[in-house]
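Below is one structure; the comments refer to it alone.
This structure is a prediction, so every number in the text was calculated from the model and none was measured. Note that these values count all heavy atoms, side chains included, but never hydrogens, waters or copies made by symmetry.
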There are 2 protein chains.
Amino acid sequence: MDERPGLSTPAAEIAVRIRVLQAALAAEDLDAALILQTADLYYYAGTVQQSYLLVPADGEAVLFVRRVVERARVESPLEVVPLGSPRDLPALLGERLAAGPAAFGAAGTAESGGGRLRIGLELDVLPVATLQRLGDLIPHMEAADISTAIIHQRAVKSPHEVELIRGAARITDGVCARLPDLLEEGLTEAEFAGRFEAVARALGHEGIIRMRGFNQEMFYGQLVSGPNGAAPGFLDTPLSGEGLSPAIAQGVTMRRIGRGEPVVFDFVSVHGGYIADFTRMFSLGPLPESCRRAFAVAQLIEDEVAAAARPGATCRELYELALARAAAAGLQDGFMGAPGYTARFIGHGVGLELDELPVLSANDTPLTEGMVFALEPKFVLPGIGAVGIEDTFLVTAHGAERLSQTEQRLFEL
Amino acid sequence: MDERPGLSTPAAEIAVRIRVLQAALAAEDLDAALILQTADLYYYAGTVQQSYLLVPADGEAVLFVRRVVERARVESPLEVVPLGSPRDLPALLGERLAAGPAAFGAAGTAESGGGRLRIGLELDVLPVATLQRLGDLIPHMEAADISTAIIHQRAVKSPHEVELIRGAARITDGVCARLPDLLEEGLTEAEFAGRFEAVARALGHEGIIRMRGFNQEMFYGQLVSGPNGAAPGFLDTPLSGEGLSPAIAQGVTMRRIGRGEPVVFDFVSVHGGYIADFTRMFSLGPLPESCRRAFAVAQLIEDEVAAAARPGATCRELYELALARAAAAGLQDGFMGAPGYTARFIGHGVGLELDELPVLSANDTPLTEGMVFALEPKFVLPGIGAVGIEDTFLVTAHGAERLSQTEQRLFEL
């Protein structure tokens, strides 16, 4: 890790992140947060080693690490304390929190231990049984959901985070530049995907794509060709693909890619844990005019929404702008998915997870400087396939900056 | 899907699975189960479409589907009822359960609605906030954890499931047969991984590897070379690899593979949603004698444990047999991981998830016919790397049957 310092989170940045979380704890009258989920651990501690991060409302954060202690010490600027067993947590927490160790005894001492300890937890992702085990260990604990504060904080990226997202976008650009050489008539979708995924790996793609939502899963994105692009999916995404079996039910199939078909390359890159989301369209030979026209509308929507995506603009304004442009082109029925199964957003935040804030949907959240989102106007043309474009953008004081460099055009090979 | 009927779950098998779950509900005095998690949905309903599966203790199971209704109807033999919104759940559940609709009214009607409804839920994976939303919708619900019954049921595979695991193992065999052509001196681990992952995809590898445990994640397994094989990891696995960044912290690196180094190919295949886990070792040129010797011990342990893995044998007996063989060879310190970070198991169940029962550790669960597990005796030789073997086995009346065909030997190229 030492030779790649750009991938480690600067200590000053971790300190700021912890202070912002502490302000949220104070505002919600919580004594501390206990952070357990991998993406959040990485955000606040700079490491994903198996650990519990205690952030008191006042005082220094401390990382209790089960494994690997040595690696956590290299990666995290926080104090690292080895944790032999979760059973040691109550005593360790007691030492660290102002309420004192008495509050953390076994259940039998509950009466003698002063007030309850209000602990903020990631209740949006923490399994019920995990919370129950924590509650058994720390009977004085009163669990509160701190996840809303966390996901709002994480929606606004620092320059360090933006650099990592730029790195992810560079992988995408590198893969995309190779696609004209890799795409051949008669390849199955699965074969073609394997080819460009191999390029991505060689460029440093980290593979694992984290999502926060329950049951959400994604493998590199969606590569769909011809009518497979029109298959509605079980996830709330505009495109899905049918997948190789009912068990996975999204993504590539064994369908062979033919001439003149829209091939949608919707690709999620990961670099230093950070995600960039991206879509371009390819075809072997000319596409039907309906595809070209829909693509031009998608490109127009992306350009107009990006230009409007300034600090203060609300998600709803951007969403309605996109809907209006799609309707003006007479393409409202298949906008953002198969008719009857359209997604009700045109973009989503990306960062350490693929499903971050802001969601560009009918909600009144205003954009702020530092937010990063993927904007993905897409159409499904029943019987023909999918058409669309997607780039990841950074909200700056001067408007949205596109983080990938690949040309915004149709690639008819 | 129609052209690949082998990948769909037979209706008779779904009926049996539901009946076994109903017996567990009756034994725990529950009125019904409500299944929400993707892998469990696939197991009991034959589809992963966005849905809620209601299994009453008595009567017919019904699948309430938000999307995609048409696909769920093709894939599932159960009754499929469209669900416009989760808000419609209480009324739908009320119609289906013997307690009647009165029990499912808004909170205000709670007093009038008879007794509470005891619903079994997957509390080991269900997020706290998801349970809270369900509880708000269905105020009379008393949630009980049904996950132990589910994971025990799922540990014993049907012939249909075993065929799918065999299909996953065939992908592994196919990839492994290509490795001698793909491995070259000077490739980075990431480049090499990309090459064989592309082969896997072309053969139908489905990409997504499901794990049940909180914070568990895996991308194709672990490809580690030379000293990277000795890096301890944050997951409870024998091998880890350092990964490309602190954010992911497992798997391949940008290290170049050299001559005479142990290259461990620990590969997880997925076919029809089912997993086979597998490890072989490769090297460019001869390996150090210490590696050869440790590999021979690993192979001996795999053979002896597999021979002892008959119905009735306990996990503890197999685990202790392996420990004894490692100790007899003087290799106990690095057995199952880097010294100080060894995994406390020698194998684990596989199926729709990578972390299933049985766990071959110090527990007294007896093996039963139909269980499928990956057996993975591995050693870490500090400074040199990792050494080991792994195959997926089916417990039969006559002993454990190896499901992959690749030769059990060292591949010194």
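The minimum heavy-atom distance between A:Gln49 and B:Ala249, with the atom names listed, is NE2-CB, 3.6 Å. Here the closest non-hydrogen pair linking B:Ile208 and A:Gln250 is CD1-NE2, 3.7 Å. Contact record, A:Leu244 with B:Gly204: CD1-O, 3.5 Å, taken as the closest heavy-atom pair. A:Val68 and B:Phe234 get closest at one heavy-atom pair: CG2-N, 4.2 Å. Of all non-hydrogen atoms in A:Pro127 and B:Asp124, the two that sit nearest each other are CB-O, 3.2 Å.
The residue among A:Arg66, A:Gln132, A:Glu70 with the most heavy atom pairs within less than 4.5 Å of chain B is A:Glu70. Of the listed residues (A:Ala247, A:Gly272, A:Gly194), the one with the most heavy-atom contacts under 4.5 Å to chain B is A:Ala247. Among the candidates B:Ala202, B:Ala338, B:Ala200, B:Ser147, the residue making the largest number of heavy-atom pairs closer than 4.5 Å to chain A is B:Ala202. Between chain B and the residues A:Thr253, A:Leu121, A:Leu235, the largest count of heavy-atom pairs under 4.5 Å involves A:Leu235. Options B:Glu197, B:Glu122, B:Glu217, B:His205 differ in how many heavy-atom pairs under 4.5 Å they form with chain A, and the most are formed by B:Glu217. With chain A as partner, the option from B:Met218, B:Gln37, B:Arg195 having the largest number of non-hydrogen pairs under 4.5 angstrom is B:Gln37. The candidate with the highest count of non-hydrogen atom pairs below 4.5 Å against chain B, out of A:Ala198, A:Gly273, A:Ser51, is A:Ala198. Ranked by heavy-atom pairs shorter than 4.5 Å toward chain B, the options A:Ile209, A:Leu36, A:Thr188 are led by A:Leu36. For the set A:Ser76, A:Pro232, A:Gly233, the count of heavy-atom pairs under 4.5 angstrom toward chain B peaks at A:Gly233.
Interface residue A:Leu131: only side-chain heavy atoms are found under 4.5 Å from chain B. For B:Leu203, the part lying near chain A is the backbone, with the side chain staying farther off; criterion is any non-hydrogen pair under 4.5 Å. If you measure heavy-atom distances from B:Val199 to chain A, you find no contacts under 4.5 Å at all.
Contacts with chain B (heavy atom to heavy atom, under 4.5 Å) involve these residues of residues 38-46 of chain A, listed by number: A:Thr38, A:Tyr42, A:Gly46.
A:Ser245 places a side-chain heavy atom less than 4.5 Å from the side chain of B:Leu7.
Take B:Asn228 and apply the side-chain hydrogen bond (donor to acceptor under 3.5 Å, both in side chains) test, not counting sequence neighbours, and it matches B:Glu189.
Below 30°, between 30° and 60°, or above 60°: for A:Phe219 and B:Tyr220 the angle between ring planes is above 60°, a perpendicular geometry.
A salt bridge is absent between B:Glu191 and A:Arg201: the closest approach of a Lys/Arg side-chain nitrogen to an acidic carboxylate oxygen does not fall below 4.0 angstrom.
Of the possible polar contacts, none joining the A:Arg71 side chain to the B:Ala231 backbone as a donor-acceptor pair under 3.5 Å is found.
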message: Show, in sequence, the C-alpha distance, side-chain angles and deciding distance for B:Gln50 and A:Asp236, and conclude whether the side chain to side chain contact (heavy atoms under 4.5 Å, CB included) test is met.
response: CA-CA 9 Å; B:Gln50 206 179 114; A:Asp236 289 321; 3.8 Å; yes
